[in-house]
Amino acid sequence: MLTNEYLKRVYAQVEARDAHESEFLQAVREVFESLELVIDKHPEWEAAGLLERFVEPERTIEFRVPWVDDNGVTRVNRGYRVQYNSAIGPYKGGLRFHPSVNLSIMKFLGFEQILKNSLTSLPMGGGKGGSDFDPKGKSDAEVMRFCQSFMSELYRHIGQFTDVPAGDIGVGAREIGFLFGQYKKLTDRFDGAVLTGKGLTYGGSLARTQATGFGLCYFSAEALKHLRNTSYEGKTVVVSGSGNVAQYCAQKVGVLGGKVVAMSDSQGYIYDPNGINLDVLFDIKQKRRARISVYADEVAGSTYVEGCKNIWKVKCDIAHPCASQNEMDAEGAQALVDNGCMAVFEGANMPLTPEAIAIIQNNGLLYSPGKASNAGGVATSGLEMTQNSIRMSWSFDEVDEKLHGIMQNIFKACYDASVECGKPGDLMVGANVAGFLKVANAMMAQGVV
């Protein structure tokens with residue numbers, strides 16, 4: 001509940017202006033509730049209209065994306081790029097291709113990205129983009145034509161010193177390749193740092209594919225060690241989703257001594273008491289691009305359950321929601337509590353509803369927001385930009401070591417901020433405050449722009 005008059009006034013303005021953007025309002029309110037703990041120390045923010053500027057994107061771009069399917073039929077989708085805040089660096093954030101994409105989701109993701117990028121300590125501002133195009137079920141040729149049309153508008157708004165997109169849900173190596181090829185053709189230059197998540201043959205970084213999932217586990221391991229004096233060793237883990245983040249989170253959990261027993265996709269979840277066989281899962285998802293239900297057909301002793309929501313009823317010690325926003329509601333959170341779960345570390349962006357977060361925190365479970373624990377992906381994107389700029393390529397181990405260090409530093413920044421706010425160990429407060437203060441100081445230094 002907001003009590004500070006400045007925070008209340010600005011939130012009311014956002015609510016009145018963007019009443020229909022529920023995801024965006026949810027993200028803003030979460031951050032504002034954390035800022036209650038520091039706002040009184042900074043009366044200069046109100047005088048400078050800092051929060052009013054912070055919640056408003058610097059630029060919002062919306063455009064049509066016409067393309068022709070394999071049957072010769074013209075299709076039209078909507079494209080977006082929200083360039084939210086460039087106070088500490090060029091806009092940086094992924095592109096999401098999914099039917100659910102709308103302006104509210106783009107704004108919430110861009111808003112979260114500001115703080116996430118700030119926490120990495122790398123010079124990157126916040127932005128996000130995408131389209132309501134669904135790449136599932138499309139041929140490679142259809143995806144290529146869509147990506148070329150999308151980039152034919154986007155290219156004029158991006159650049160390595162302006163805005164650097166990457167991948168997100170629905171945008172993997174295939175899509176990044178098509179997008180980069182069209183950008184190169186339109187601009188007649190090889191501007192490698194304009195997109196991250198590229199293939200290794202044209203400027204991509206080793207370990208980028210694994211970075212978000214690995215980084216999530218590096219952050220979580222720090223939290224478990226320092227706040228509960230324990231580790232992944234011997235722990236049972238549930239990971240929602242089965243995309244890039246979930247896959248490599250599950251892989252690193254195994255390396256760190258844990259056992260992942262359940263994973264999901266948009267249709268349902270699999271349960272394997274012996275631990276998910278990642279060789280089979282990777283083959284299903286990376287090569288065949290099939291539904292996760294196939295796993296239960298091929299691995300003895302495993303089961304498939306329709307409906308992904310009930311995955312949180314699977315008994316576990318640690319939960320990693322890695323699918324999508326608001327995937328865990330109050331019912332799911334209560335199921336984890338009732339089954340003795342000790343920690344929830346977010347791998348997706350805002351995967352818990354406010355009600356779920358309250359249940360998790362009120363019952364004493366460890367909890368970290370995605371803006372902190374899933375920052376490994378964008379951190380390694382920043383490292384990819386660095387390699388492109390200096391015309392060098394680091395080894396997998398070099399990048400992984402840098403990623404590990406960044407995630408350890410993010411945990412420390414979140415914990416230190418939580419202590420300064422009088423809520424030691426509240427990593428949501430710590431992430432919001434630590435991320436915001438860096439951006440706020442930069443905005444104040446640059447004047448009213």
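In this text the structure is predicted, and so the values were computed from the model without any measurement. Basis for what follows: all heavy atoms, side chains included, without hydrogens, waters or symmetry-related copies.
In this structure, the side chain of Asn339 does not engage the main chain of Cys341 through any donor-acceptor pair within 3.5 Å. In this structure a side-chain-to-backbone donor-acceptor pair under 3.5 Å is missing from Glu21 to Leu103. Judged by distance alone, the side chain of Asp317 and the main-chain N or O of Thr236 form a donor-acceptor pair under 3.5 Å. Under a 3.5 Å cut-off, the side chain of Asn244 and the backbone N or O of Thr209 do form a donor-acceptor pair. When atom types are taken as modelled, the side chain of Lys438 and the backbone of Ala434 share no donor-acceptor pair closer than 3.5 angstrom. Side chain of Glu175 to main chain of Gly172: a donor-acceptor pair is present (N/O by atom type, distance under 3.5 Å, no hydrogens or angles).
If you look at Phe97 and Phe146, their ring centroids are closer than 6.0 Å. Aromatic ring centroids of Trp67 and Phe133 lie under 6.0 Å apart. The six-membered or imidazole ring of Tyr367 lies away from that of Phe345, with a centre-to-centre distance of 6.0 Å or more.
The side chain to side chain contact (heavy atoms under 4.5 Å, CB included) check on Val299 picks up Asp272, Val280, Tyr295, Ser302, with sequence neighbours excluded. With sequence neighbours left out, the salt bridge (Lys or Arg N to Asp or Glu O under 4.0 Å) criterion links Lys402 to no other residue. In terms of the side chain to side chain contact (heavy atoms under 4.5 Å, CB included) criterion, residue partners of Ser418 (sequence neighbours excluded) are, by chain and number, Tyr415. For Arg174, the salt bridge (Lys or Arg N to Asp or Glu O under 4.0 Å) criterion is met by Asp140, not counting sequence neighbours. When the salt bridge (Lys or Arg N to Asp or Glu O under 4.0 Å) test is applied to Glu398, no partner is found at least two apart in sequence or on another chain. Evaluation of the salt bridge (Lys or Arg N to Asp or Glu O under 4.0 Å) rule for Asp397 yields no partner, not counting sequence neighbours.
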- request: Start with the C-alpha gap between Lys309 and Glu331, add the side-chain angles, then the distance that decides, and say whether salt bridge (charged side-chain N to carboxylate O under 4.0 Å, His left out) holds.
  value: CA-CA 9 Å; Lys309 180 180 177 181; Glu331 181 183 351; 3.7 Å; yes
- prompt: Where do Phe436 and Phe54 land on the ring-ring contact (aromatic ring centres under 6.0 Å, His included) test, with the steps shown first?
  reply: CA-CA 10 Å; Phe436 178 79; Phe54 182 70; 4.9 Å; yes
message: Using side chain to side chain donor-acceptor pair (under 3.5 Å), reason through Ser131 and Arg96 one step at a time and then give a plain yes or no.
response: CA-CA 6 Å; Ser131 172; Arg96 175 176 294 191; over 6 Å; no
task: Verify salt bridge (charged side-chain N to carboxylate O under 4.0 Å, His left out) between Asp191 and Lys184, making sure each step is shown before the conclusion.
output: CA-CA 7 Å; Asp191 186 359; Lys184 184 165 64 71; over 6 Å; no
field: Worked check of side chain to side chain donor-acceptor pair (under 3.5 Å) between Gln113 and Asn85
entry: CA-CA 9 Å; Gln113 199 76 42; Asn85 190 293; over 6 Å; no
field: Verdict with reasoning, Asp70 to Ser139, per side chain to side chain donor-acceptor pair (under 3.5 Å)
entry: CA-CA 8 Å; Asp70 287 343; Ser139 69; 2.6 Å; yes
task: Take Arg208 and Ser381, measure what side chain to side chain donor-acceptor pair (under 3.5 Å) needs, and give me the verdict at the end.
output: CA-CA 7 Å; Arg208 175 59 188 91; Ser381 282; 2.9 Å; yes
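Among Lys116, His320, Glu112, Glu346, the single residue meeting the side-chain hydrogen bond (donor to acceptor under 3.5 Å, both in side chains) criterion with Asn374 is Lys116.
Heavy-atom contacts from other residues, nucleotides or ligands closer than 6.0 Å to CZ of Arg64 number 12 or fewer. When the shell of 6.0 Å around CD of Gln286 is examined, it contains more than 12 heavy atoms from other residues, nucleotides or ligands. Within a 6.0 Å radius of CG in Asn229, other residues, nucleotides and ligands contribute 12 heavy atoms or fewer.
Legend: ring-ring contact (aromatic ring centres under 6.0 Å, His included) pairs involving residues 246-265, not counting sequence neighbours, sorted by first then second residue: Tyr248-Phe282. Applying the salt bridge (Lys or Arg N to Asp or Glu O under 4.0 Å) test to pairs two or more places apart or on separate chains, none has a residue in residues 417-430. Residues in residues 274-283 take part in these side chain to side chain donor-acceptor pair (under 3.5 Å) pairs, two or more places apart or across chains: Asp283-Arg288. Within the structure, the salt bridge (Lys or Arg N to Asp or Glu O under 4.0 Å) test picks out the following pairs touching residues 80-89 (sequence neighbours left out): Arg81-Asp163.
Rounded to the nearest 0.5 Å, atoms NZ (Lys285) and CE (Met263) are 9.0 Å apart. Atom OG of Ser368 sits about 6.5 Å away from atom CG of Leu427, to the nearest 0.5 Å. Once rounded to the nearest 0.5 Å, the distance linking NZ of Lys107 with CD of Glu23 reads 11.5 Å. Here the CD1 atom belonging to Ile61 is positioned 4.0 Å from the CD atom belonging to Gln83, to the nearest 0.5 angstrom. Distance check: Leu383 CG to Asn388 CG gives 11.0 Å after rounding to the nearest 0.5 Å. Taking CD1 from Ile88 and OG1 from Thr120, the interatomic distance works out to 7.0 Å, rounded to the nearest 0.5 Å.
Judged purely by distance below 3.5 Å, without hydrogens or angles, the side chains of Ser240 and Glu327 pair a donor atom with an acceptor atom. With no hydrogens or angles considered, no side-chain donor-acceptor pair links Glu306 and Tyr269 at under 3.5 Å. For the residue pair Ser242/Gln247, the side-chain donor-acceptor check at 3.5 Å is not satisfied.
Val294 and Ala290 get closest at one heavy-atom pair: CG2-CB, 4.0 Å.
A salt bridge does not link Asp338 to Lys313: none of the charged nitrogens lies less than 4.0 Å from a carboxylate oxygen. Ion pairing of Lys371 with Glu30 is present here, as a side-chain N (NZ or NE/NH1/NH2) and a carboxylate O approach within less than 4.0 Å. The residues Asp69 and Arg145 are annotated as not salt-bridged, no charged nitrogen and carboxylate oxygen being separated by less than 4.0 angstrom.
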Which atom pairs, one a donor and one an acceptor, fall under 3.5 Å between side chains of residues 200-207 and the rest of the protein, sequence neighbours left out?
unit_1	atom_1	unit_2	atom_2	d
Tyr202	OH	Gly177	N	3.4
Tyr202	OH	Gly199	N	3.3
Ser205	OG	Gln387	NE2	3.0

Which pairs would a plain distance check flag for residues 210-224, meaning a side-chain donor or acceptor within less than 3.5 Å of a matching protein atom at least two apart in sequence or in another chain?
unit_1	atom_1	unit_2	atom_2	d
Thr212	OG1	Gly377	N	3.4
Tyr218	OH	Lys252	NZ	3.2
Tyr218	OH	Asp400	OD1	2.8
Tyr218	OH	Asp400	OD2	3.0
Ser220	OG	Leu216	O	2.7
Glu222	OE1	His226	NE2	3.3
Glu222	OE2	Gln408	NE2	3.3

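At least one cation-pi condition fails for Arg78 and Phe63: the charged atom is not both under 6.0 angstrom from the six-membered ring centre and inside a 45 degree cone around its axis.
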